[in-house]
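This report refers to the structure that appears directly beneath it.
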Amino acid sequence: TADMITLSATSATYNGVDQLPTVTITDGDYTVTATSGWKNSSSTGVSEAKDADTYTLTVTATGNWTGAPTKTFTINKKTLYVKTKSFNKVYDATTFSPTASADYVKLSGLVGDDTENYSGLTVALGTVDGLTTGFDAGTYPINVSGSITSLAANYNFNLGSVGTLTISKAPLTITAKSYTVKQGETLPEFEADYDVISMVRTERADAGIFKKITSAAFYKLMNRMSK
């Protein structure tokens with residue numbers, strides 16, 4: 001009967017190697033038909049238990065016994081931690097666009113011969129009210145979703161840890177221009193030059209000098225830069 005059959009383990013967590021348990025039979029009238037008695041959940045005969053699955057052992061009865069008692073052994077999926085990395089940059093008029101790759105994602109918990117793979121994951125910046133995502137100065141969550149196709153059979157994915165992108169305001173130097181006028185002359189239209197230091201910017205005119213900035217444009221720039 002099945003209670004005469006003992007397995008060295010009834011369950012395990014995926015570790016990338018064979019974990020087929022040892023079988024002990026306490027009645028001499030039973031013999032085990034080698035490892036061919038094991039089948040996976042697809043009813044395919046197996047000689048090792050490596051992947052996460054439920055394996056069933058059927059023991060063939062001999063001698064004074066009949067029937068075919070069974071035992072099961074389960075390998076549970078391992079947890080794979082998927083975390084996005086954090087980044088800091090100074091505003092440079094370019095958009096930060098993360099992708100599902102080793103540059104932006106860290107995997108923790110791989111075992112055996114399993115290698116890093118990111119196919120099936122989606123990485124994207126979270127939005128912040130009032131800001132152009134990944135462009136304006138501010139702090140954005142770097143979110144990850146999905147699962148890794150090639151690893152899904154043996155791993156559960158923990159996507160709970162999220163990195164951030166922090167874009168700091170760029171330095172901005174504003175210099176008021178000097179004018180000399182005689183008494184009674186019409187005052188000129190005042191201008192202010194400003195220079196964004198060490199940056200390649202879409203807002204920049206010739207040689208990094210900006211002239212006749214409007215109040216609306218100035219407000220937009222100040223949201224991205226520090227004085």
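No hydrogens, no waters, no symmetry mates; every other heavy atom, side chains included, goes into these values. Nothing fancy with the numbering, it's 1 onward along the sequence.
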*Between Ser119 and Asn117, is any side-chain donor less than 3.5 angstrom from a side-chain acceptor?*
no
Practice prompt. Could you check if a side-chain atom of Leu80 sits within less than 4.5 angstrom of a side-chain atom of Ile148, using non-hydrogen atoms only?
Written response: yes
Closest non-hydrogen contact found for Thr72 with Leu7 is O-CD1, 3.6 Å
Quick one: does any side-chain atom of Thr95 pair with a main-chain N or O of Phe135 as donor and acceptor, under 3.5 Å?
no
Worksheet item: With under 30° as parallel and over 60° as perpendicular, where do the rings of Tyr104 and Phe96 fit, or are they tilted in between?
Response: perpendicular
Output for pair (Lys71 NZ, Thr10 OG1), nearest 0.5 Å, gives 9.0 Å
Nearest heavy-atom contact between Gly163 and Ser86 is CA-OG, 3.4 Å
To the nearest 0.5 Å, atom CG of Leu151 lies from atom OG1 of Thr149 at 9.0 Å
Do Val123 and Ile142 touch side chain to side chain, with heavy atoms closer than 4.5 Å? yes
Tested for side-chain hydrogen bond (donor to acceptor under 3.5 Å, both in side chains) against Tyr14, the lone hit among Asp114, Asn156, Asn76 is Asp114
Smallest heavy-atom separation, Glu116 atom then Ala102 atom, equals OE1-CB, 4.3 Å
* Note, Ile75 side chain near Asp53 side chain (heavy atom, < 4.5 Å) -> no
Exactly one of Leu121, Leu159, Val162 clears side chain to side chain contact (heavy atoms under 4.5 Å, CB included) with Thr84, and that residue is Val162
Nearest heavy-atom contact between Ala153 and Ala52 is O-CB, 3.6 Å
Check your understanding: Please walk me through it: do Tyr118 and Leu107 pass side-chain contact (heavy atoms from CB on, under 4.5 Å)?
Key -> CA-CA 9 Å; Tyr118 304 91; Leu107 305 180; 3.8 Å; yes
Rounding to 0.5 Å, atoms CG (Leu57) and CD1 (Ile5) come to a distance of 6.5 Å
- Message: Please check if the number of heavy atoms outside Asp113 that lie under 6.0 Å from its CG is greater than 12.
- Response: no
Item checked: Backbone N/O of Thr13 and side chain of Gln19: donor-acceptor pair under 3.5 Å -> yes
- Would you call Leu125 and Pro98 a side-chain contact if the rule is heavy atoms closer than 4.5 Å? yes
>> Do Val82 and Val105 make a side-chain contact, defined as non-hydrogen atoms from C-beta onward lying under 4.5 Å apart?
In response: yes
Do other residues, nucleotides or ligands put more than 12 heavy atoms under 6.0 Å from the NZ atom of Lys83?
no
Heavy atoms of Tyr155 and Leu110 approach each other most closely as OH-CA, 3.6 Å
- Close side-chain approach of Lys89 to Leu165, heavy-atom, < 4.5 Å: yes
Backbone N/O of Lys50 and side chain of Asp18: donor-acceptor pair under 3.5 Å: no
Here the gap from Thr133 atom OG1 to Ile167 atom CD1, rounded to the nearest 0.5 Å, amounts to 9.5 Å
query: Under 3.5 Å, is there a donor-acceptor pair between the side chain of Lys77 and the main chain of Phe157?
result: no
Tightest non-hydrogen contact, residues Phe73 and Ala12, listed as CZ-CB, 3.9 Å
(Q) Please tell me whether Asn158 and Thr79 have a donor and an acceptor in their side chains that are separated by less than 3.5 angstrom. (A) no
